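All remarks here apply to the structure that follows.
Computed from a prediction, not measured in an experiment: that's the story for all the values here. Keep in mind that the numbers below use all heavy atoms, side chains included, and drop hydrogens, waters and symmetry copies.
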Amino acid sequence: MLDVKFIREYPDVVKQNVINKNESADIDALLVLDEKRRSLIQEVEVLKGKRNTVSELIASLKKNKEDATSHIEEMRAVSDTIKSLDDSLRPIEEQIEDRVLRIPNMIHASVPIGKSAADNVEVRRKGDTIEQGFRKNHLEISKQLNILDFERGAKVSGSGFGFYVGKGASFERALINFMIDLHLEKHGYTEMLPPFLANYASMRGTGQLPKMEEDMYAMPLDGLYAIPTAEVPLTNFHRDEVLANDQLPVKYCGYSACFRREAGSYGKDTKGFLRVHQFNKVELVKFVKPETSYDELEVLVTDVEDVLNALEIPYRVLQLCSGDTSFSSAKTYDLEAWSPAEQKWLEVSSCSNFESYQARRANIRFRNDQGKLEFLHTLNGSGLATSRLMVAILEHYQTEDGHINVPKVLQPYCRFDRI
RNA sequence: GGAGGAAUCGCAUAAUGGUAUUGCAGCAGUCUUGAAAACUGCCGGGCUUUCGCCUGUGGGGGUUCGAGUCCCUCUUCCUCCGCCA
């Protein structure tokens, strides 16, 4: 979340940012509440100061066995007033918190202003887009080879769930292991295997709640939510903690299943793996010093590109415009893999710098060079999500006789080199 | 699920119901050629030009003039019992 002090000082900048991000938030209502809060605090603090000094007086009178009855009587009234002021303050502070949590992060100065995905800027491209040719789409080829089963997924769980079957399951597992090993060995991340359910405080810490509640699977009986990304547990790993200065940067790499209700997106890209309620993803999360976070973002993107390069899948890197940059992010790059059968780019990764937005929500600090406590910066990127990557692989590595060659780098992870 | 114990600054610790102690670590300074040691200051959050003020003992309530301390409740951790892959 943003610092309330910042919102108070630069309300117009914050308002323009909300517009640029295609979000909505009533900044003026917040400022009215903030004003009310501060004047109430001023009033109540004078009374509390009085109570403190008189209480001390009462203590010393009692120690000397003198009479303090009149002071106690007086303080009884003061305490009642304090209580009623505190009572009127509480709902105001709750409203302020709720409103602040619903204000999006400020975009970075380098982010182009734009309305939608059409205004995103292609930064670079590796490999060429290719024609469909003889290639079948991922649903046809996977049905023919019996490696994915969405019909039975729908029977067992519902629309938008699928089974990986036989060599399809092995191949998925190989892909995950390959990506994790690459990030550990080549990029120096620490491996994590997180819980797939998280509590309210964690979901709030990374910015999913309270605003995106309808996108989450919830288990109200236990107050738990199915994670939409490993970003949630990996970032909240350090919630309410202070990291040592020389510990930074901290880099985690973790696999998780990801769960998304995808409410409101019915009918859009719903074919097979293009949009599912559960998918697998290897996530990268970094905790860094503020002055290094934009350099760390660039490195994060190249860490992800290494995976696509190793798999020899054509891809492009996009810088998202303001309107397409997510709620909590200050700057985001998307990576898209080419799908010959769909004849379009598929989003397979999203790499973002959240600056101190998540750190402030989740209260993650470090001791800076001056020995002071300061919010650090968090970043994360998918490295990568397998479902759409699988679509690209099944198309690119398809042979004319209707089989799939296993990419060279995955062969050591599979017990076969052809499906 | 049941019984008992615990939670105080980054870590560790103290506090007959009278307003949070001390040590370590960290930061700045004095001294030093430099470092160490020693000494001084800072060292949870907020407000304040300064002096200071408010707040803060896992979360939320309550009793009281006054709560780390007493009561209720929730959470987490530890010990044991039960159930379980």
Side-chain angles (χ1 to χ4, degrees), chain A residues 1-9 30-31 33-98 100-101 193-205 209-210 219-225 233 236-250 287 289-291 356 359-376:
Chain A
M1 65 186 156
L2 301 179
D3 193 344
V4 177
K5 206 191 300 177
F6 176 81
I7 301 171
R8 192 189 301 145
E9 270 173 59
L30 171 70
L31 292 175
L33 287 166
D34 180 55
E35 190 57 46
K36 216 188 244 175
R37 169 176 171 271
R38 286 191 298 156
S39 79
L40 272 172
I41 282 180
Q42 224 166 359
E43 195 180 341
V44 77
E45 286 197 348
V46 170
L47 291 174
K48 282 180 177 174
K50 185 172 182 186
R51 182 174 69 183
N52 285 346
T53 52
V54 176
S55 284
E56 215 155 337
L57 177 63
I58 291 171
S60 77
L61 285 175
K62 287 209 163 185
K63 200 175 278 177
N64 298 326
K65 308 250 193 276
E66 291 176 45
D67 180 42
T69 323
S70 66
H71 289 111
I72 290 176
E73 274 310 312
E74 188 195 353
M75 282 309 101
R76 194 167 305 185
V78 171
S79 277
D80 284 347
T81 313
I82 289 173
K83 192 175 289 181
S84 81
L85 285 175
D86 274 343
D87 283 346
S88 54
L89 197 55
R90 197 167 306 126
I92 291 172
E93 291 190 322
E94 279 168 13
Q95 287 175 55
I96 288 174
E97 165 153 312
D98 186 64
V100 171
L101 287 174
L193 188 53
F196 294 179
L197 303 180
N199 59 26
Y200 186 92
S202 295
M203 297 295 278
R204 196 183 73 156
L209 295 178
M219 279 137 278
L221 207 57
D222 298 290
L224 292 170
Y225 296 82
N236 280 281
F237 186 74
H238 289 300
R239 175 156 50 82
D240 292 321
E241 290 186 15
V242 175
L243 304 192
N245 186 294
D246 56 14
Q247 200 181 343
L248 301 177
V250 170
F287 303 83
K289 295 184 190 179
E291 64 271 21
S356 60
R360 186 173 277 109
R361 290 172 86 110
N363 189 30
I364 309 171
R365 297 172 295 172
F366 77 110
R367 226 171 254 290
N368 65 19
D369 295 340
Q370 284 71 48
K372 283 279 195 186
L373 294 172
E374 185 181 340
F375 291 114
L376 45 71

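Shortest non-hydrogen contact noted between A/Leu376 and A/Leu243 is CD2-CD1, 3.8 Å. Taking each heavy atom of A/Asp98 and A/Pro210 in turn, the nearest pair found is OD1-CG, 4.1 Å. The shortest heavy-atom contact between A/Tyr225 and A/Tyr200 is OH-CD1, 3.8 Å.
Along RNA chain B, the nucleotide nearest A/Ile58 and the nucleotide nearest A/Thr53 are compared for position; the residue whose nucleotide lies closer to the 5' end is A/Thr53. Looking at which nucleotide of RNA chain B each of A/Ala59 and A/Asp369 is closest to, the 5′-most match is held by A/Ala59.
Of the C1' atoms belonging to B/A15 and B/U79, the separation is 27 Å, rounded to the nearest Å. With C1' as the reference atom, B/U48 and B/C53 are 8 Å apart, rounded to whole Å. Taking the C1' atoms as reference points, B/A37 lies 13 Å from B/U30, given to the whole Å. Atom C1' of B/A7 sits at a distance of 11 Å from the matching atom of B/G68, rounded to the whole Å. Across B/C24 and B/G5, the matching P atoms stand 35 Å from one another, rounded to whole Å. B/U21 and B/A12 have their C1' atoms separated by 13 Å, given to the nearest Å. Rounded to whole Å, the C1' atom of B/G18 lies 36 Å from the corresponding atom of B/A28. For the C1' atom pair drawn from B/G44 and B/A20, the interatomic distance equals 12 Å after rounding to whole Å.
Between the CD atom of A/Gln247 and the P atom of B/G26 there is a distance of 15 Å, given to the nearest Å. Rounded to whole Å, atom C1' of B/C9 lies 8 Å from atom CZ of A/Arg367. Atom C1' of nucleotide B/G66 and atom CD1 of A/Ile82 are separated by 11 Å, given to the nearest angstrom. Atoms NZ (A/Lys48) and C1' (B/G52) sit 18 Å apart, rounded to a whole Å. B/G10 atom P lies 10 Å from atom CG of A/Asp240, rounded to whole Å. Whole-Å rounding puts the A/Glu45 CD to B/G52 P distance at 17 Å. Rounded to whole Å, atom P of B/C74 lies 21 Å from atom OH of A/Tyr200. If you measure from atom CD1 of A/Ile41 to atom P of B/C54, you get 14 Å, rounded to the nearest angstrom.
OP1 and OP2 of B/G17 both lie 4.0 Å or more from every side-chain N or O belonging to A/Lys62. Dashed line: the shortest gap from a side-chain N or O of A/Arg76 to OP1 or OP2 of B/C65 is under 4.0 Å. OP1 or OP2 of B/G61 lies within a sub-4.0 Å distance of a side-chain N or O belonging to A/Arg90. For A/Asn52, a side-chain nitrogen or oxygen approaches OP1 or OP2 of B/U55 to under 4.0 Å. Side-chain nitrogen and oxygen atoms of A/Ser60 include none within less than 4.0 Å of the OP1 or OP2 phosphate oxygen of B/G18. Within the 4.0 Å cut-off from OP1 or OP2 of B/U16, not a single side-chain nitrogen or oxygen of A/Lys63 is found.
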Practice item. List the steps, then state whether side chain to side chain donor-acceptor pair (under 3.5 Å) holds for A/Lys289 with A/Asn245. Key: CA-CA 8 Å; A/Lys289 295 184 190 179; A/Asn245 186 294; 2.9 Å; yes
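Base pairing analysis places B/A38 opposite B/U30; the two distances defining the Watson-Crick or G-U wobble pair are each below 3.5 Å. Applying the Watson-Crick and G-U wobble criteria (two distances, each under 3.5 Å), B/A25 pairs with nothing in any strand. Using N1 to N3 plus N6-O4 or O6-N4 for Watson-Crick, or N1-O2 and O6-N3 for G-U wobble, each under 3.5 Å, B/A15 pairs with nothing. Partner assigned to B/A67 is none, using Watson-Crick or G-U wobble distances below 3.5 angstrom. Nucleotide B/A7 is matched to B/U75 when pairs are restricted to Watson-Crick or G-U wobble geometry with both distances under 3.5 angstrom. Across the strands present, B/G1 finds its partner in B/C81; the criterion is a Watson-Crick or G-U wobble pair with both atom distances under 3.5 angstrom.
Using modelled atom types, one finds no donor on one side chain facing an acceptor on the other under 3.5 Å when comparing A/Asn52 with A/Ser55.
Taking a cutoff of 4.0 Å between a charged side-chain nitrogen and a carboxylate oxygen, A/Asp34 and A/Arg38 qualify as a salt bridge.
Within the 4.0 angstrom heavy-atom criterion, only backbone atoms of the sugar-phosphate kind lie near A/Lys83; the bases stay farther away. Residue contacts for A/Asn368: at a heavy-atom cut-off of 4.0 Å it reaches no nucleic acid atom on any strand shown.
Checking side-chain atoms of A/Arg361 against main-chain N and O of A/Arg204 turns up a donor-acceptor pair under 3.5 Å.
The side chain of A/Leu373 lies closest to B/G45, out of B/U55, B/G45, B/C27.
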